[in-house]
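First up is the structure itself, then whatever we jot down about it.
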Amino acid sequence: MPRKGSVKRREVKPDAVFQSVLVAKFINCIMSKGKKSLAEKMLYDAFVLIKEKTNEDALKVFYKAIDNAKPRIEVRSRRIGGATYQIPIDVPEFRATSLGIRWIIDSARRRNEKTMVEKLCNEILDAYNNRGTAIKKREDTHKMAEANKAFAHYRW
């Protein structure tokens, strides 16, 4: 955190195929060691697999999966009088989206399928159908917030 002013949020340019900012953010999160073209190829191939498996528009399935994986509420630690409390707060939209993307990608990387394309495809389909590891992560976050709602009055 800088002492003077706040950090400006960078604008992400839409991807080349779908002209979608969300797809571009997802590609940037998949990317490792600067290999963006490889990350693009993986996601677009996963979209082809999704289209074959569901006979629906892959982009709509992707948007629904991200929306299902987004948390609505989370807990933040706050120190009050020598004790640390987990305080539930509403998640801003940009943070919810980035958490959903991150959880889907992490879950996909931990799956047991052979290629990353298959892993991505199946994790996106699981999130679309409200099951899978990313959805479990969201549910755990919501349960934690629900368990600590007694401390909601400490919100700042």
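As the structure is a computational prediction, the values presented were derived from the model and not from experiment. Position 1 is the first residue of the sequence, and the numbers go up from there.
Leu38 and Phe18 are assigned to two separate hydrophobic clusters, defined by single-linkage of ILVMFWY side chains at heavy-atom distances under 4.5 Å. Note: the hydrophobic cluster containing Ile87 does not contain Val91 (ILVMFWY, side chain heavy atoms under 4.5 Å, direct or indirect links). Cluster annotation: Met31 is not connected to Phe26 through the hydrophobic network of ILVMFWY side chains, with a link wherever side-chain heavy atoms come within less than 4.5 Å. Taken together through direct or relayed side-chain contacts under 4.5 Å among Ile, Leu, Val, Met, Phe, Trp and Tyr, Ile50 and Val17 form part of one hydrophobic cluster. Residues Ile73 and Ile135 are members of separate hydrophobic clusters, defined by side-chain heavy-atom contacts under 4.5 angstrom among Ile, Leu, Val, Met, Phe, Trp and Tyr.
Lys137 places none of its side-chain heavy atoms less than 4.5 Å from the side chain of Ser107. Residues Ser77 and Gln86 form a side-chain contact, since some pair of their non-hydrogen atoms from C-beta on lies under 4.5 Å apart. Side chains of Glu93 and Thr97 form a contact here, defined as non-hydrogen atoms less than 4.5 Å apart. Looking at Phe62 and Ser20, their side chains never come closer than 4.5 Å, going by heavy atoms from C-beta outward. Under the 4.5 Å side-chain criterion, counting only non-hydrogen atoms from C-beta, Ile30 is not in contact with Glu40. Between Leu59 and Val23, the closest side-chain pair of non-hydrogen atoms falls below 4.5 Å. Side-chain contact check for Arg110 versus Lys119: every heavy-atom pair is 4.5 Å or farther apart. Under the 4.5 Å side-chain criterion, counting only non-hydrogen atoms from C-beta, Tyr85 is not in contact with Asn148.
Using a cutoff of 4.0 Å between basic side-chain nitrogens and carboxylate oxygens, Glu74 and Arg76 are scored as salt-bridged. With respect to Lys41 and Asp45, a salt bridge is recorded, a charged nitrogen being found less than 4.0 Å from a carboxylate O.
Separation of atoms CE (Met42) and CD1 (Ile27) is listed at 10.0 Å; rounding is to 0.5 Å. One finds the CZ atom of Arg109 at 6.5 Å from the OG atom of Ser32 (value rounded to the nearest 0.5 Å). With rounding to the nearest 0.5 angstrom, the CD1 atom of Ile105 is 8.5 Å from the CD1 atom of Ile124. Separating the CG atom in Asp126 from the CZ atom in Arg111 is a distance of 4.5 Å, to the nearest 0.5 Å. Annotation: the span from Asp106 atom CG to Ile101 atom CD1 amounts to 12.0 Å, rounded to 0.5 Å. Between Lys64 atom NZ and Leu125 atom CG the span is 14.0 Å, to the nearest 0.5 Å.
When each of Glu123, Met116, Glu118 is checked for a side-chain contact (heavy atoms from CB on, under 4.5 Å) with Leu120, only Met116 meets the rule.
In this structure a side-chain-to-backbone donor-acceptor pair under 3.5 Å is present from Asn68 to Ala127. Within the 3.5 Å criterion, the main-chain N or O of Pro71 finds no donor-acceptor partner in the side chain of His142.
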In sequence, state the C-alpha distance, the side-chain angles, and the governing distance for Tyr44 and Asp15, and then conclude on side-chain contact (heavy atoms from CB on, under 4.5 Å).
-> CA-CA 11 Å; Tyr44 296 148; Asp15 72 305; 2.7 Å; yes

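Side chain to side chain, Tyr128 and Thr54 fail the donor-acceptor criterion of an N or O pair below 3.5 Å.
Residues Arg95 and Ser98 approach most closely at O-OG, 2.9 Å, considering heavy atoms.
Surrounding NZ of Lys70 are more than 12 heavy atoms belonging to other residues, nucleotides or ligands, all under 6.0 Å away.
Other members of the hydrophobic cluster containing Leu99, listed by chain and number, are Trp103; membership follows side-chain contacts under 4.5 Å among ILVMFWY residues, whether direct or relayed.
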